[in-house]
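Since the structure comes first, as structure tokens, the remarks are kept for the end.
Every chain is numbered from 1, with letters handed out A, B, ... down the list of sequences.
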Protein chains: 2
Amino acid sequence: MSDAPTAKDAPTAKGRATRARIVEGAAEVLRERGVAVTTLDDIRSRTGTSKSQLFHYFPGGKDELLLAVAQFEADRVLEDQQPHLGSLDSWESWQQWRDAVVERYERQGDHCSLGALFLQVGRLRPGARAIVTQLMRQWQEQLAHGMRALQDNGLVSPALDADRTAAALLAGIQGGVAMLMSTGDSMYLKAALDSGIDHLRAATVEPVRA
Amino acid sequence: MSDAPTAKDAPTAKGRATRARIVEGAAEVLRERGVAVTTLDDIRSRTGTSKSQLFHYFPGGKDELLLAVAQFEADRVLEDQQPHLGSLDSWESWQQWRDAVVERYERQGDHCSLGALFLQVGRLRPGARAIVTQLMRQWQEQLAHGMRALQDNGLVSPALDADRTAAALLAGIQGGVAMLMSTGDSMYLKAALDSGIDHLRAATVEPVRA
DNA sequence: ACCCGTCTGGACTTGCCGGTCCATTTTTCG
DNA sequence: CGAAAAATGGACCGGCAAGTCCAGACGGGT
């Protein structure tokens with residue numbers, strides 16, 4: 001599914017640019033106004049395109065466009081955590097990553113594009129679920145990788161189950177973000193991150209104290 | 001805001017029954033088919049009511065009805081965790097509660113009524129945010145209360161910040177549920193719960209091991 | 001029996017929004 | 001340059017679903 005050109009990938013240079021403009025513009029307006037209330041006309045006017053272009057590049061209609069936006073947003077999620085997420089091999093880097101995550105989602109304010117997107121397109125399209133599933137798997141993998149790096153550096157006990165702990169931390173992040181969206185308070189996200197890292201710290205090879 | 005009759009609370013006995021029937025029926029159909037695709041006609045046919053009744057009991061239209069359903073669902077969330085959530089004073093009760101939570105959300109399948117609801121009605125209505133905020137506060141409070149009970153029973157170190165740990169655990173639950181919805185895998189939820197409880201166990205007054 | 005407020009049924013209106021269609025312009029390529 | 005393919009503009013359609021309205025049924029209080 002990754003080597004197929006998906007039909008609309010490369011007709012011409014201009015075409016590709018327009019398509020990209022549509023996806024990015026759609027992502028913006030969706031982030032600002034929410035999926036539920038955004039119409040094709042909103043996207044059209046924001047991106048300076050015409051109805052026919054929308055359907056030219058996304059023959060599947062609105063659903064296909066939303067799916068493309070979801071993929072676009074999903075790609076950004078992990079990118080925005082770099083370079084920290086890629087090198088979680090010391091306590092400092094974990095802390096930096098933690099701050100980057102908090103900052104990213106606090107800035108994003110109260111609109112979770114992805115969350116809303118796959119709640120809208122949701123369980124109908126199998127494609128949507130695949131996007132989320134893959135994103136989560138990669139995310140969890142990177143966290144687990146970082147934990148193993150700590151273990152390799154002798155900072156964390158090898159007894160710790162990195163995959164399981166990474167899953168728990170990831171769940172905490174997701175929930176923290178969700179609660180930031182719905183309550184406007186980032187305290188839950190911070191608590192989840194700090195608590196997760198504390199959990200690692202508590203599993204040092206040499207317990208700091210009794 | 002809690003002592004005001006909200007105008008439509010008690011016109012007559014029959015009226016109250018009909019109103020309740022509408023809310024419950026709407027909750028059912030929303031859970032089954034999702035907010036995005038559910039129309040007033042779906043609710044109408046499910047509850048055996050007419051259009052005029054819907055607007056008679058919810059003059060504010062669909063939004064007001066959805067809000068009422070959100071409140072209804074929010075009330076169920078904590079109820080469904082009883083009696084365990086109310087008496088988290090031993091390791092066994094924590095475990096029982098943990099199992100109850102997993103079971104509840106695994107059964108619920110892949111439709112998060114509440115989540116979808118306040119993503120739909122969402123940030124527009126201030127009322128929606130209030131419902132979620134209050135639910136989360138109560139939930140967190142109960143968890144923190146349980147943690148303090150463990151402390152009082154000498155099972156957990158008094159040094160532990162119950163409120164913060166409860167916030168982190170709650171975030172983990174929320175994220176775990178969200179990921180259960182979107183990926184279909186309850187592993188994240190279980191990991192979050194177990195990891196959170198482990199975190200408590202690691203803070204026993206007498207460290208189990210070195 | 002009566003009256004009045006509540007409750008109910010369902011036809012009707014209205015506006016919106018996804019999707020279609022064709023005419024026109026621009027680009028590519030031999 | 002010229003033709004074919006791609007890209008673009010925008011009018012138009014059709015359906016659907018929210019919301020309106022009025023006519024009538026019920027039911028309790030005097």
Query raised in the report: Quick one: does A:Arg137's side chain get under 4.5 Å of B:Thr183's, heavy atoms only?
Result: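 A side-chain contact is absent here, since even the closest heavy-atom pair is not under 4.5 Å.
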Proximal nucleotide (of [options]) relative to the [X] side chain:
X       : options               : answer
B:Thr12 : D:dG19, C:dT20, C:dT6 : C:dT6
A:Ser50 : C:dG18, D:dA7, D:dT8  : D:dT8
B:His56 : D:dT8, C:dT6, D:dA6   : C:dT6

For the pair made of [atom1] in [X] and [atom2] in [N], what is the distance, rounded to whole Å?
X       : N      : atom1 : atom2 : value
B:Asp42 : D:dC16 : CG    : C1'   : 12 Å
A:Asp41 : D:dG10 : CG    : C1'   : 11 Å
B:Phe58 : C:dC7  : CZ    : C1'   : 14 Å
A:Leu65 : C:dC17 : CG    : C1'   : 14 Å
B:Leu54 : D:dA18 : CG    : P     : 9 Å
B:Ile43 : D:dA18 : CD1   : C1'   : 12 Å
A:Arg44 : D:dA11 : CZ    : C1'   : 12 Å
B:Phe55 : C:dG10 : CZ    : C1'   : 14 Å

Report task. Nearest-nucleotide wise, let me know which of A:Ser52 and A:Leu40 is further upstream toward the 5' end of DNA chain C. Result ->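 Residue closer to the 5' terminus by nearest nucleotide: A:Leu40.
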Query raised in the report: Closer to the 5' end of DNA chain D via nearest nucleotide, is it B:Thr39 or B:Lys14?
Result: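 In this pair, the answer is B:Thr39.
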Salt bridge or not for [X] and [Y], using N-O below 4.0 Å?
X        : Y        : answer
A:Asp41  : A:Arg44  : yes
A:Asp163 : A:Arg148 : yes
B:Glu24  : B:Arg76  : no

Query raised in the report: Counting only side-chain N and O atoms of A:Tyr57, is one of them less than 4.0 Å from OP1 or OP2 of D:dA6?
Result: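 Looking at the OP1 and OP2 atoms of D:dA6, neither is under 4.0 Å from any side-chain N or O of A:Tyr57.
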Query raised in the report: Given D:dA7, is OP1 or OP2 found less than 4.0 Å from the side-chain N or O atoms of A:Gln53?
Result: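 Negative; the distance criterion is not met.
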Query raised in the report: Touch check for A:Lys51, heavy atoms < 4.0 angstrom, all strands: base, sugar-phosphate only, or nothing?
Result: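 Base: the residue A:Lys51, judged by heavy atoms under 4.0 Å, touches a nucleobase.
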Requested in this report: Could you tell me the separation between the NZ atom of B:Lys190 and the CZ atom of B:Arg98, rounded to the nearest 0.5 Å?
Outcome: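 B:Lys190 NZ to B:Arg98 CZ: 6.5 Å, rounded to 0.5 Å.
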